[in-house]
Amino acid sequence: MPLVDIRNVSKSYGSARVLDGVSLEVNEGEIVTIIGKSGSGKSTLLRCINALERIDGGEILVEGRSVRTDMPKLREFRQRVGIVFQAFNLFPHLTVERNITLAPVLNKRITRGQGRALALDVLERVGLADKIDAYPAQLSGGQQQRVAIARCLAMGPHLMLFDEVTSALDPELVGEVLKVMEDMARQGMTMVLVTHEMGFARTVASKIVFMHRGRVREEGPPAELFANPRTPELRSFIASVR
Amino acid sequence: MRTFVLADLLSLFIALQWTVALVIIALGFGGPLALVLALMRTSGRRALRWTAAAILQVVQGVPLLGLLMFFYFGMPVFLGVEMAPLVAVGIAMTVYTASFLGDIWRGGIEAVKHEQWEAAACLGLSTWHQFLYVVAPQAFRMALPPTVGFLVQLIKGTSLASVVGFVELARAGQIASAATFQPLLVYSIVAAIYFALCLPLTLWARSLEARLNAAR
(Lines give C-alpha, C1' and ligand atoms only; values in the text may rest on other atoms or scores of the structure.)
Protein backbone atom coordinates (compact mmCIF):
# COMPACT_ATOMS: atom_id res chain seq x y z
CA MET A 1 0.00 0.00 0.00
CA PRO A 2 1.46 3.38 -0.96
CA LEU A 3 1.82 5.92 1.86
CA VAL A 4 0.14 8.57 -0.28
CA ASP A 5 -2.34 7.53 -2.94
CA ILE A 6 -3.76 10.38 -5.02
CA ARG A 7 -6.58 9.20 -7.24
CA ASN A 8 -7.97 11.30 -10.06
CA VAL A 9 -8.08 14.49 -7.99
CA SER A 10 -9.57 17.66 -9.42
CA LYS A 11 -9.98 21.13 -8.04
CA SER A 12 -11.16 24.46 -9.42
CA TYR A 13 -10.99 28.05 -8.29
CA GLY A 14 -14.13 29.47 -9.86
CA SER A 15 -13.84 28.59 -13.53
CA ALA A 16 -10.08 27.94 -13.38
CA ARG A 17 -9.28 24.24 -13.15
CA VAL A 18 -6.08 23.99 -11.09
CA LEU A 19 -6.04 20.21 -10.72
CA ASP A 20 -7.43 18.15 -13.54
CA GLY A 21 -7.54 14.45 -12.80
CA VAL A 22 -4.22 14.07 -10.97
CA SER A 23 -3.14 10.59 -9.88
CA LEU A 24 0.08 9.91 -8.04
CA GLU A 25 1.49 7.35 -5.64
CA VAL A 26 4.18 7.93 -3.03
CA ASN A 27 5.65 4.86 -1.37
CA GLU A 28 7.22 4.82 2.05
CA GLY A 29 10.79 6.14 1.99
CA GLU A 30 10.37 7.73 -1.43
CA ILE A 31 11.45 11.26 -2.25
CA VAL A 32 9.00 12.59 -4.79
CA THR A 33 9.74 15.91 -6.42
CA ILE A 34 7.04 17.81 -8.24
CA ILE A 35 8.31 20.20 -10.89
CA GLY A 36 6.56 22.44 -13.39
CA LYS A 37 5.95 26.06 -14.26
CA SER A 38 4.24 28.33 -11.75
CA GLY A 39 0.50 27.95 -12.06
CA SER A 40 0.81 24.28 -13.03
CA GLY A 41 -0.96 23.24 -9.83
CA LYS A 42 2.00 21.70 -8.00
CA SER A 43 1.71 23.74 -4.78
CA THR A 44 -2.05 23.25 -4.71
CA LEU A 45 -1.59 19.50 -5.02
CA LEU A 46 0.88 19.52 -2.13
CA ARG A 47 -1.53 21.53 0.04
CA CYS A 48 -4.34 19.09 -0.74
CA ILE A 49 -2.29 16.23 0.72
CA ASN A 50 -2.36 18.03 4.07
CA ALA A 51 -6.04 18.99 3.79
CA LEU A 52 -5.16 22.68 3.56
CA GLU A 53 -7.18 22.85 0.35
CA ARG A 54 -10.52 21.24 -0.36
CA ILE A 55 -10.65 18.92 -3.37
CA ASP A 56 -13.63 18.90 -5.69
CA GLY A 57 -13.28 15.40 -7.10
CA GLY A 58 -11.30 12.21 -6.69
CA GLU A 59 -9.69 11.03 -3.50
CA ILE A 60 -6.46 11.34 -1.56
CA LEU A 61 -5.50 8.49 0.76
CA VAL A 62 -2.70 8.89 3.28
CA GLU A 63 -1.84 5.74 5.21
CA GLY A 64 -5.03 4.28 3.79
CA ARG A 65 -7.31 7.00 5.16
CA SER A 66 -9.22 9.47 3.04
CA VAL A 67 -7.97 13.03 3.48
CA ARG A 68 -10.61 15.77 3.56
CA THR A 69 -10.74 19.22 5.10
CA ASP A 70 -13.63 17.93 7.22
CA MET A 71 -12.12 14.52 7.93
CA PRO A 72 -12.44 13.11 11.44
CA LYS A 73 -9.27 13.46 13.54
CA LEU A 74 -7.85 16.11 11.22
CA ARG A 75 -5.63 17.42 14.03
CA GLU A 76 -4.08 14.01 14.74
CA PHE A 77 -3.57 13.54 11.01
CA ARG A 78 -1.78 16.89 10.68
CA GLN A 79 0.64 15.88 13.45
CA ARG A 80 1.77 12.96 11.31
CA VAL A 81 2.20 15.04 8.16
CA GLY A 82 4.69 17.89 8.46
CA ILE A 83 4.62 20.77 6.01
CA VAL A 84 7.28 23.42 5.47
CA PHE A 85 6.37 26.62 3.66
CA GLN A 86 8.20 29.00 1.36
CA ALA A 87 7.84 31.85 3.90
CA PHE A 88 8.95 29.74 6.95
CA ASN A 89 5.90 30.90 8.96
CA LEU A 90 7.64 30.69 12.30
CA PHE A 91 5.83 32.34 15.21
CA PRO A 92 7.73 35.65 15.60
CA HIS A 93 6.72 36.24 19.24
CA LEU A 94 8.10 32.91 20.47
CA THR A 95 11.67 31.69 20.90
CA VAL A 96 12.98 28.87 18.76
CA GLU A 97 12.38 26.48 21.66
CA ARG A 98 8.76 27.58 22.10
CA ASN A 99 8.16 27.46 18.35
CA ILE A 100 9.20 23.83 18.42
CA THR A 101 7.57 22.76 21.67
CA LEU A 102 4.25 24.65 21.42
CA ALA A 103 2.44 21.88 19.58
CA PRO A 104 3.95 18.93 21.50
CA VAL A 105 3.20 20.66 24.81
CA LEU A 106 -0.41 21.41 23.85
CA ASN A 107 -1.16 18.21 21.96
CA LYS A 108 0.91 15.60 23.76
CA ARG A 109 1.11 17.27 27.14
CA ILE A 110 4.84 16.81 27.58
CA THR A 111 6.58 18.66 30.41
CA ARG A 112 8.84 21.71 30.07
CA GLY A 113 11.97 19.62 30.62
CA GLN A 114 10.92 17.04 28.07
CA GLY A 115 10.11 19.88 25.70
CA ARG A 116 13.58 21.39 26.01
CA ALA A 117 15.20 18.01 25.40
CA LEU A 118 12.98 17.44 22.38
CA ALA A 119 13.80 20.89 20.99
CA LEU A 120 17.53 20.27 21.45
CA ASP A 121 17.25 16.91 19.74
CA VAL A 122 15.50 18.19 16.61
CA LEU A 123 17.65 21.33 16.50
CA GLU A 124 20.75 19.15 16.50
CA ARG A 125 19.40 17.38 13.45
CA VAL A 126 19.24 20.70 11.59
CA GLY A 127 22.51 21.96 13.10
CA LEU A 128 21.04 24.80 15.18
CA ALA A 129 21.18 23.62 18.78
CA ASP A 130 22.95 26.85 19.77
CA LYS A 131 19.97 28.95 18.60
CA ILE A 132 17.44 27.38 20.97
CA ASP A 133 16.83 30.62 22.87
CA ALA A 134 16.89 32.97 19.87
CA TYR A 135 13.86 34.66 18.37
CA PRO A 136 13.10 34.07 14.68
CA ALA A 137 13.96 37.67 13.76
CA GLN A 138 17.51 37.09 15.05
CA LEU A 139 18.08 34.28 12.55
CA SER A 140 18.97 34.30 8.86
CA GLY A 141 16.42 33.04 6.34
CA GLY A 142 18.22 29.73 6.00
CA GLN A 143 18.31 29.27 9.76
CA GLN A 144 14.62 30.15 10.08
CA GLN A 145 13.76 27.57 7.47
CA ARG A 146 15.81 24.95 9.30
CA VAL A 147 13.96 25.78 12.52
CA ALA A 148 10.69 25.38 10.61
CA ILE A 149 11.86 21.92 9.56
CA ALA A 150 12.88 21.10 13.14
CA ARG A 151 9.44 22.25 14.33
CA CYS A 152 7.86 19.66 12.03
CA LEU A 153 10.32 16.95 13.07
CA ALA A 154 9.33 17.46 16.71
CA MET A 155 5.90 16.09 15.82
CA GLY A 156 7.50 12.81 14.66
CA PRO A 157 5.90 12.96 11.21
CA HIS A 158 5.51 9.96 8.90
CA LEU A 159 5.53 12.20 5.87
CA MET A 160 7.06 15.59 5.11
CA LEU A 161 5.79 18.08 2.54
CA PHE A 162 8.01 20.91 1.30
CA ASP A 163 6.44 23.78 -0.61
CA GLU A 164 9.21 25.66 -2.48
CA VAL A 165 11.12 25.94 0.77
CA THR A 166 14.23 27.52 -0.76
CA SER A 167 12.50 30.00 -3.08
CA ALA A 168 12.50 32.87 -0.58
CA LEU A 169 16.15 32.41 0.40
CA ASP A 170 19.24 34.27 -0.73
CA PRO A 171 21.23 31.99 -3.04
CA GLU A 172 24.05 31.47 -0.54
CA LEU A 173 21.58 30.17 2.08
CA VAL A 174 19.90 27.57 -0.13
CA GLY A 175 22.61 24.97 0.37
CA GLU A 176 22.26 24.64 4.16
CA VAL A 177 18.52 23.95 3.86
CA LEU A 178 18.97 21.44 1.06
CA LYS A 179 21.65 19.66 3.10
CA VAL A 180 19.20 19.21 5.99
CA MET A 181 16.67 17.79 3.56
CA GLU A 182 19.27 15.42 2.10
CA ASP A 183 20.05 14.15 5.60
CA MET A 184 16.37 13.53 6.22
CA ALA A 185 16.11 11.69 2.90
CA ARG A 186 19.08 9.53 3.82
CA GLN A 187 17.44 8.62 7.11
CA GLY A 188 14.46 7.27 5.23
CA MET A 189 11.88 10.04 5.64
CA THR A 190 9.15 9.98 3.03
CA MET A 191 9.11 13.38 1.36
CA VAL A 192 7.05 15.16 -1.26
CA LEU A 193 8.48 18.42 -2.42
CA VAL A 194 7.71 21.16 -4.84
CA THR A 195 10.92 22.81 -5.90
CA HIS A 196 12.77 24.79 -8.52
CA GLU A 197 16.09 23.30 -7.40
CA MET A 198 16.72 21.00 -10.35
CA GLY A 199 20.11 19.92 -9.01
CA PHE A 200 18.47 18.67 -5.82
CA ALA A 201 15.66 17.01 -7.77
CA ARG A 202 18.20 15.24 -9.94
CA THR A 203 20.43 13.95 -7.16
CA VAL A 204 18.11 13.24 -4.25
CA ALA A 205 14.68 12.44 -5.69
CA SER A 206 13.61 8.88 -6.26
CA LYS A 207 10.85 10.06 -8.56
CA ILE A 208 10.18 13.25 -10.51
CA VAL A 209 6.66 14.32 -11.37
CA PHE A 210 6.22 16.94 -14.07
CA MET A 211 2.96 18.89 -13.89
CA HIS A 212 1.52 21.11 -16.57
CA ARG A 213 -1.85 22.88 -16.50
CA GLY A 214 -3.19 20.87 -13.58
CA ARG A 215 -2.19 17.47 -14.95
CA VAL A 216 0.69 15.08 -14.38
CA ARG A 217 2.32 14.98 -17.79
CA GLU A 218 5.31 12.78 -17.00
CA GLU A 219 6.75 10.90 -14.08
CA GLY A 220 9.73 8.67 -13.55
CA PRO A 221 13.24 8.40 -12.08
CA PRO A 222 15.18 11.66 -12.52
CA ALA A 223 17.94 10.29 -14.76
CA GLU A 224 15.45 8.90 -17.22
CA LEU A 225 13.09 11.86 -17.15
CA PHE A 226 15.75 14.50 -17.64
CA ALA A 227 17.59 12.52 -20.33
CA ASN A 228 14.55 11.55 -22.39
CA PRO A 229 11.63 13.94 -21.90
CA ARG A 230 8.73 12.55 -23.93
CA THR A 231 6.50 15.63 -24.05
CA PRO A 232 7.37 18.93 -25.69
CA GLU A 233 6.21 20.71 -22.48
CA LEU A 234 8.82 18.96 -20.34
CA ARG A 235 11.46 19.51 -23.03
CA SER A 236 10.81 23.23 -23.04
CA PHE A 237 10.60 23.31 -19.21
CA ILE A 238 13.99 21.60 -18.86
CA ALA A 239 15.47 23.99 -21.42
CA SER A 240 14.06 26.98 -19.51
CA VAL A 241 15.49 26.04 -16.10
CA ARG A 242 18.91 24.96 -17.28
CA MET B 1 -21.56 82.81 48.31
CA ARG B 2 -18.30 81.56 49.73
CA THR B 3 -14.72 81.10 48.61
CA PHE B 4 -13.19 77.96 47.21
CA VAL B 5 -11.87 76.02 50.18
CA LEU B 6 -10.05 72.78 50.78
CA ALA B 7 -13.37 70.99 51.23
CA ASP B 8 -14.27 71.86 47.66
CA LEU B 9 -11.00 70.44 46.41
CA LEU B 10 -11.69 67.35 48.48
CA SER B 11 -15.13 66.98 46.89
CA LEU B 12 -13.46 66.99 43.48
CA PHE B 13 -11.15 64.18 44.50
CA ILE B 14 -14.03 62.19 45.95
CA ALA B 15 -15.86 62.60 42.66
CA LEU B 16 -12.69 61.54 40.86
CA GLN B 17 -13.19 58.12 42.46
CA TRP B 18 -16.43 57.81 40.51
CA THR B 19 -14.72 58.79 37.30
CA VAL B 20 -12.19 56.04 37.90
CA ALA B 21 -15.00 53.64 38.88
CA LEU B 22 -16.78 54.35 35.59
CA VAL B 23 -13.60 53.60 33.65
CA ILE B 24 -13.16 50.34 35.55
CA ILE B 25 -16.78 49.35 34.94
CA ALA B 26 -16.51 50.23 31.25
CA LEU B 27 -13.32 48.19 30.85
CA GLY B 28 -14.40 45.35 33.12
CA PHE B 29 -17.63 44.68 31.26
CA GLY B 30 -16.83 46.29 27.92
CA GLY B 31 -13.44 44.56 27.52
CA PRO B 32 -14.75 40.97 27.49
CA LEU B 33 -17.65 42.05 25.28
CA ALA B 34 -15.16 43.71 22.92
CA LEU B 35 -13.23 40.44 22.68
CA VAL B 36 -16.42 38.56 21.80
CA LEU B 37 -17.29 41.17 19.15
CA ALA B 38 -13.75 41.07 17.71
CA LEU B 39 -13.88 37.26 17.49
CA MET B 40 -17.34 37.36 15.90
CA ARG B 41 -16.18 40.00 13.44
CA THR B 42 -13.22 37.85 12.34
CA SER B 43 -15.05 34.53 12.49
CA GLY B 44 -15.47 32.25 9.50
CA ARG B 45 -19.25 32.29 9.93
CA ARG B 46 -20.99 34.95 7.92
CA ALA B 47 -23.95 35.30 10.31
CA LEU B 48 -21.63 36.05 13.23
CA ARG B 49 -19.54 38.47 11.18
CA TRP B 50 -22.56 40.41 9.99
CA THR B 51 -24.23 40.55 13.38
CA ALA B 52 -21.08 41.95 14.95
CA ALA B 53 -20.58 44.40 12.09
CA ALA B 54 -24.14 45.67 12.50
CA ILE B 55 -23.73 46.18 16.25
CA LEU B 56 -20.44 48.00 15.77
CA GLN B 57 -21.89 50.23 13.06
CA VAL B 58 -24.96 51.22 15.05
CA VAL B 59 -23.18 51.91 18.33
CA GLN B 60 -20.29 53.78 16.73
CA GLY B 61 -22.74 55.91 14.80
CA VAL B 62 -24.32 57.21 18.00
CA PRO B 63 -22.47 59.79 20.09
CA LEU B 64 -21.65 58.71 23.64
CA LEU B 65 -23.96 61.48 24.84
CA GLY B 66 -26.75 59.86 22.85
CA LEU B 67 -26.06 56.48 24.43
CA LEU B 68 -26.18 58.02 27.91
CA MET B 69 -29.48 59.78 27.12
CA PHE B 70 -30.91 56.60 25.65
CA PHE B 71 -30.17 54.42 28.67
CA TYR B 72 -31.05 57.04 31.28
CA PHE B 73 -34.07 58.80 29.76
CA GLY B 74 -35.03 56.33 27.04
CA MET B 75 -35.25 53.07 28.95
CA PRO B 76 -38.00 54.21 31.33
CA VAL B 77 -40.04 55.42 28.34
CA PHE B 78 -39.50 52.41 26.05
CA LEU B 79 -39.27 49.57 28.53
CA GLY B 80 -40.79 51.13 31.61
CA VAL B 81 -37.60 50.38 33.53
CA GLU B 82 -36.41 53.11 35.86
CA MET B 83 -32.63 53.21 35.87
CA ALA B 84 -30.32 54.48 38.59
CA PRO B 85 -27.78 56.90 37.11
CA LEU B 86 -24.88 54.57 37.88
CA VAL B 87 -26.58 51.66 36.09
CA ALA B 88 -27.57 53.71 33.05
CA VAL B 89 -24.15 55.34 32.78
CA GLY B 90 -22.40 52.01 33.38
CA ILE B 91 -24.34 50.31 30.61
CA ALA B 92 -23.78 53.17 28.19
CA MET B 93 -20.04 53.27 28.86
CA THR B 94 -19.84 49.48 28.56
CA VAL B 95 -21.58 49.45 25.19
CA TYR B 96 -19.43 52.33 23.99
CA THR B 97 -16.21 50.62 25.11
CA ALA B 98 -17.21 47.25 23.65
CA SER B 99 -17.87 48.69 20.22
CA PHE B 100 -14.69 50.75 19.94
CA LEU B 101 -12.31 48.25 21.55
CA GLY B 102 -14.01 45.50 19.55
CA ASP B 103 -13.09 47.28 16.36
CA ILE B 104 -9.54 48.05 17.49
CA TRP B 105 -8.97 44.41 18.45
CA ARG B 106 -10.55 43.18 15.23
CA GLY B 107 -7.93 45.25 13.41
CA GLY B 108 -5.19 43.64 15.51
CA ILE B 109 -6.43 40.12 14.79
CA GLU B 110 -6.74 40.83 11.07
CA ALA B 111 -3.23 42.32 10.99
CA VAL B 112 -1.79 38.91 11.91
CA LYS B 113 -0.99 37.13 8.66
CA HIS B 114 -3.28 34.32 7.60
CA GLU B 115 -0.21 32.07 7.29
CA GLN B 116 0.21 32.17 11.07
CA TRP B 117 -3.19 30.51 11.55
CA GLU B 118 -2.29 28.04 8.82
CA ALA B 119 1.09 27.15 10.28
CA ALA B 120 -0.50 26.58 13.69
CA ALA B 121 -3.26 24.47 12.16
CA CYS B 122 -0.64 22.36 10.37
CA LEU B 123 0.93 21.54 13.73
CA GLY B 124 -2.40 20.08 14.81
CA LEU B 125 -3.44 22.90 17.16
CA SER B 126 -7.15 23.39 17.76
CA THR B 127 -8.70 26.61 16.48
CA TRP B 128 -8.85 27.98 20.02
CA HIS B 129 -5.18 27.18 20.66
CA GLN B 130 -4.25 28.73 17.31
CA PHE B 131 -5.90 31.93 18.48
CA LEU B 132 -4.74 31.85 22.08
CA TYR B 133 -1.06 31.01 21.59
CA VAL B 134 -0.24 32.17 18.08
CA VAL B 135 -2.59 34.91 16.89
CA ALA B 136 -3.73 36.69 20.06
CA PRO B 137 -0.24 37.54 21.41
CA GLN B 138 0.73 39.10 18.08
CA ALA B 139 -2.62 40.87 17.72
CA PHE B 140 -2.33 42.17 21.28
CA ARG B 141 1.02 43.79 20.59
CA MET B 142 -0.28 45.53 17.51
CA ALA B 143 -3.50 46.64 19.19
CA LEU B 144 -1.92 47.85 22.45
CA PRO B 145 -1.04 51.44 21.45
CA PRO B 146 -4.51 52.21 19.99
CA THR B 147 -6.08 50.49 23.00
CA VAL B 148 -4.26 52.80 25.39
CA GLY B 149 -5.22 55.70 23.14
CA PHE B 150 -8.86 54.72 23.46
CA LEU B 151 -8.47 54.57 27.23
CA VAL B 152 -7.69 58.30 27.18
CA GLN B 153 -10.86 58.94 25.17
CA LEU B 154 -12.80 56.85 27.66
CA ILE B 155 -11.54 58.79 30.69
CA LYS B 156 -12.51 62.09 29.12
CA GLY B 157 -15.77 60.59 27.90
CA THR B 158 -16.90 59.81 31.44
CA SER B 159 -17.39 63.57 31.93
CA LEU B 160 -20.54 63.28 29.80
CA ALA B 161 -22.14 61.29 32.60
CA SER B 162 -22.62 64.63 34.34
CA VAL B 163 -25.56 65.44 32.04
CA VAL B 164 -27.70 62.71 33.61
CA GLY B 165 -26.84 63.98 37.07
CA PHE B 166 -24.19 61.40 37.87
CA VAL B 167 -21.67 63.00 40.19
CA GLU B 168 -18.26 62.28 38.77
CA LEU B 169 -15.39 64.73 38.37
CA ALA B 170 -17.03 67.08 35.85
CA ARG B 171 -20.35 67.19 37.72
CA ALA B 172 -18.55 67.82 41.01
CA GLY B 173 -16.83 70.70 39.24
CA GLN B 174 -20.19 72.16 38.24
CA ILE B 175 -21.43 71.91 41.80
CA ALA B 176 -18.32 73.47 43.32
CA SER B 177 -18.37 76.19 40.69
CA ALA B 178 -22.01 77.04 41.43
CA ALA B 179 -21.37 77.14 45.17
CA THR B 180 -18.23 79.28 45.04
CA PHE B 181 -18.98 81.25 41.89
CA GLN B 182 -15.40 80.74 40.75
CA PRO B 183 -15.85 78.76 37.52
CA LEU B 184 -12.48 79.67 36.07
CA LEU B 185 -10.57 78.37 39.08
CA VAL B 186 -12.71 75.28 39.58
CA TYR B 187 -12.79 74.19 35.95
CA SER B 188 -9.06 74.81 35.64
CA ILE B 189 -8.51 72.43 38.53
CA VAL B 190 -10.90 69.90 36.98
CA ALA B 191 -9.10 70.14 33.65
CA ALA B 192 -5.74 69.73 35.38
CA ILE B 193 -6.95 66.56 37.07
CA TYR B 194 -8.16 65.06 33.77
CA PHE B 195 -4.86 66.05 32.21
CA ALA B 196 -2.87 64.45 35.03
CA LEU B 197 -4.84 61.26 34.54
CA CYS B 198 -4.47 61.11 30.77
CA LEU B 199 -0.92 62.37 30.24
CA PRO B 200 0.86 59.28 31.60
CA LEU B 201 -1.35 57.07 29.43
CA THR B 202 -0.64 59.13 26.33
CA LEU B 203 3.09 58.98 27.03
CA TRP B 204 2.86 55.26 27.65
CA ALA B 205 0.99 54.72 24.38
CA ARG B 206 3.62 56.70 22.50
CA SER B 207 6.53 54.80 24.05
CA LEU B 208 4.81 51.49 23.33
CA GLU B 209 4.35 52.48 19.74
CA ALA B 210 8.01 53.43 19.40
CA ARG B 211 9.17 50.23 21.06
CA LEU B 212 6.91 47.98 18.97
CA ASN B 213 7.92 49.71 15.76
CA ALA B 214 11.57 49.27 16.67
CA ALA B 215 11.05 45.57 17.32
CA ARG B 216 9.71 45.07 13.81
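Throughout, protein chains are lettered first and strands after them, A, B, ... in sequence-line order, and every chain is numbered starting at 1.
To the nearest 0.5 Å, atoms CD1 (I104(B)) and CD1 (I109(B)) are separated by 12.5 Å.
Both the backbone and the side chain of F91(A) come within contact range of chain B, with heavy atoms under 4.5 Å apart. If you measure heavy-atom distances from L90(A) to chain B, the contacts under 4.5 Å come from the backbone alone.
With respect to chain B, the highest number of heavy-atom pairs below 4.5 Å among P92(A), A87(A), G82(A) belongs to P92(A).
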Report task. Take T94(B) and I25(B), measure what side-chain contact (heavy atoms from CB on, under 4.5 Å) needs, and give me the verdict at the end. Result -> CA-CA 7 Å; T94(B) 295; I25(B) 289 170; 4.2 Å; yes

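Counting non-hydrogen atoms of neighbouring residues, nucleotides and ligands closer than 6.0 angstrom, the CZ atom of F70(B) exceeds 12 such neighbours. Atom CZ of F73(B) has more than 12 neighbouring heavy atoms from other residues, nucleotides or ligands inside a 6.0 Å radius.
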Put together the list of donor-acceptor pairs under 3.5 Å connecting chain B with chain A, please.
from: Q116(B); atom 1: NE2; to: L90(A); atom 2: O; distance (Å): 2.9
from: E118(B); atom 1: OE1; to: R47(A); atom 2: NH1; distance (Å): 2.9
from: E118(B); atom 1: OE2; to: R47(A); atom 2: NH2; distance (Å): 2.9
from: L123(B); atom 1: O; to: N107(A); atom 2: ND2; distance (Å): 3.2
from: G124(B); atom 1: O; to: R75(A); atom 2: NE; distance (Å): 2.9
from: Y133(B); atom 1: O; to: H93(A); atom 2: NE2; distance (Å): 2.8
from: Q138(B); atom 1: NE2; to: H93(A); atom 2: ND1; distance (Å): 3.4

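A centroid separation of 6.0 Å or more is found between the aromatic rings of Y187(B) and Y194(B).
Between the side chain of T158(B) and the main chain of L22(B), no donor-acceptor pair closer than 3.5 Å is present. Within the 3.5 Å criterion, the main-chain N or O of A47(B) finds a donor-acceptor partner in the side chain of T51(B).
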